[in-house]
Amino acid sequence: MDSKFLKPYDPASTEGRIYEAWEKSGYFNPDNLPADLLAQTEGKTFTIVMPPPNANGNLHAGHALFVTLQDIITRFKRMRGYRALWIPGADHAGFETQVVYEKQLEKEGRSRFGMDPKALYEEILAFTLANKANMVGQIRALGASCDWSREKFTLDPDLVKKTQETFVKMFGDGLVYRGARTVNWCPKHQTSLSDVETESVEESTPFYTFKYGPFEIGTVRPETKFGDKYVVMHPDDKRYSKWKHGDTLEVEWINGPITATVIKDNAADMEFGTGVMTITPWHSQIDFEIAKRHSLPMEQIIDWRGKLLPIAQEFAGVSIKDARAKIVEKLAAKGLLVKTDETYKNVVKKCYKCSAMIEPQVKDQWFVKMAPLASMAVTAVNKGDVRFIPEYEEKIFRHWMEDTHDWNISRQIVWGIPIPAWHKDGEWKASVERPGEGWTQDGDTFDTWFSSGQWPLLVTGYPNGKDAGYYPTDLMETGRDILFFWVARMIIFGLYLADSVPFPTVYLHGLVNDANGKKMSKSKGNVINPLTLTDMYGTDALRMALVVGNTPGTDLALREDKVKGYKHFANKLWNIARFVLENVGDADVNGTLTEADAKLEKELADVVASATANIEGYRVYLAAESIYHYVWDRFAAEILEESKPILGTHDAPSSFPADVVASRKSLLMRNLTTCLKLLHPFMPFVTEEIWASLSSSKNPLIIEKWPT
RNA sequence: GCGCGGUUAGCUCAGUUGGUAGAGCAUCUCAUUGACGUUGAGAGGGUCACAGGUUCGAAUCCUGUAUCGCGCACCA
């Protein structure tokens, strides 16, 4: 027996060495897998594309979960004889990284505004690359058996070019258009955002009713009302039937008398308030639509920084935060305030990163026409081309897809892929290269999800790259929270560009929360760094703790004592191996079994069968638990105990017949071997380390055949 | 407002097609120089949120209620 078994299992002195050996072996790359292993499936591929982590910080517990789940599946499939490919990568994460970096600039007393864009870009690039290197080291530490030789980054020049080509193609197909429309403007970060990058929050906001000529109008935003020259009511509203569409009237308003025009439009809700409203098309989506229907002029009231423009006269330059009270005060003084309802609740949009109030603004932007694309995606789901785990996520997906708005893909930040659009004399062209003399490129960059949405296609080099055969992939495993941001976009781009969904199965895991089930956040101070846990208890222990009992779609409470428990398990396995090697090191693994022992072997075969079926069905949590219980409660607690008298000790030699002893020795060695294989995907380090000490082991465990 | 989940032992959660409730941790008792104290044996602890229904049989399927959570949302 190897003397290392005399001490408890020590992850710290094992894991780095084992990982290095795996990497050196080249087996993370399916091209290097031995023929007899692949013969099991005749060389079928199994591909997972790793959700590229944002290269702007450390790995968190959520990363540890996805690395674990995907590594389990990849190792399992590899042992089953698939050309198992798990492609790693990193995302430049446009807006999010820019936000992180701007925070850092703020701390240093600097600001991106006023910086040379190129210099800023270079700084963020350096920051991102440093983080990326750090992150890659952390993914390795978690045991990820992904193929680093195929690692990709969203800003690799070839990927940038492909991303831009997609835009050009969509432009040609009429699926992207440039238009002045209402966008979500973040006044802090000075960029527009897509709908999914905003959060709707319900707030208590006073609801004011003002006199507006003969009418009473309701609003929660008096500070936008300077330019309101149109008063809107429903055409069927009998209360206002004496007013005709287009009637004009003089009304006394904030800064004196103005001429108002009556507009009849179905958008006015007769049940709400007085049924009459004035509109501010530049700063409200619904007002914008009404104005467009009637070809009404639109005027900007609030500037890009959130301050009132000169149209506000005496209030010009006042931030909208301060303006409301002042304007209400003035209107009240003029006797135009009818009442204030303090109990009113309305929904406001906030920037999902900085919680600044989103200001709707009308801006020339690039939009993706979603209706035809979304309908392709829904059709694919209806046909069963994409299956969701858990199943109910399909309903959520469909609900969103069936009512999605056009997607604003322009961002006014430097950190991103430049939009390959050029203009000259008011004309626009889409082209990766400058189309000719005198053309100026659009200064905006893509929404980061525009590139990551193409990720499965980009990393496999579809359609002509050397790995194009790995597309479509086999499984998308990612967080439930980015179903719309990412999964939906990948499905759309896959259908649009390759005429096929990028993966038949979407496995969505929940959040990893703290021990009390509360969401981890820096401000609450309850963030658990996965690497701290692996240092304390070993990577295998953390992996088990993340996986056992963690059903798809459900949030997980990560408890330190659970991780500790699986450290105990790793050591239990270690000692099982010690016992077996000490007593049975000389066993003939191919020996004949007694009837009783054959039964025990069959019992493990049943465990293997159910675990196999569970992993195949992505019920990883059940497989992990059943193997755990077999190893500890059955194999160690009962079979090993029962074997002691059969094998005999120095003090009490065995009184059993030689064939019974030989049979038992074979059985213990065989079952240990099988248990190590079964556990390998879950606990790759300790199993590989034990495996190296078995006399029967010729290959590393990572490329052993999965037991049957 | 629309949509989706959860509600099971003190805590965190399983329970894959309906067949008399499970795990880990915690608690209590006992054992032990044994492969492993990072151990072993055992115990206590749940009318499976509530009310109806379907069924020979429901934690599981259906309907409704309560409650917690999440997602989406252009009623000023």
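On a predicted model such as this, the values are computed, not experimentally measured, just so you know. Order of the sequence lines sets the chain letters (A, B, ...), proteins ahead of strands, with each chain counted from 1. We use all heavy atoms of the structure for the numbers below, so side chains are in, but hydrogens, waters and symmetry mates are not.
When all heavy atoms are compared, the tightest approach of A:Ile327 to A:Pro222 is CG2-O, 4.0 Å.
Within 4.0 Å of A:Ala570, counting heavy atoms only, lies no atom of the nucleic acid at all. Across all strands, A:Asn571 comes closer than 4.0 Å to base atoms (heavy-atom distances). Counting any heavy atom pair closer than 4.0 Å across all strands shown, A:Glu289 reaches no nucleic acid atom. Backbone-only contact: A:Arg578 has heavy atoms under 4.0 Å from sugar-phosphate atoms and none from a base.
The partner of B:C56, taking Watson-Crick or G-U wobble pairs whose two distances both stay under 3.5 Å, is B:G19. Summarising the base pairing, B:G1 is matched to B:C72 through a Watson-Crick or G-U wobble pair whose two defining distances lie under 3.5 Å.
The nearest whole Å value for the distance from the CD atom in A:Glu202 to the P atom in B:C70 is 13 Å. The distance from atom NE2 of A:His399 to atom P of B:C4 is 8 Å, rounded to the nearest whole Å.
Checked against B:A23, B:C72, B:C74, the side chain of A:Glu625 finds its nearest nucleotide in B:A23.
The ring pair (Phe, Tyr, Trp, His ring centres under 6.0 Å) search around A:Phe272 returns A:Phe207, not counting sequence neighbours. Annotation: ring pair (Phe, Tyr, Trp, His ring centres under 6.0 Å) contacts of A:Trp253 (sequence neighbours excluded): A:Tyr212.
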Protein and nucleotides 5-8 of chain B: nitrogen or oxygen contacts under 3.5 angstrom:
{"unit_1": "B:G5", "atom_1": "OP1", "unit_2": "A:Lys395", "atom_2": "NZ", "d": "2.8"}

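Relative orientation of the A:Tyr208 and A:Phe210 rings is parallel, given thresholds of 30° and 60° on the angle between their planes.
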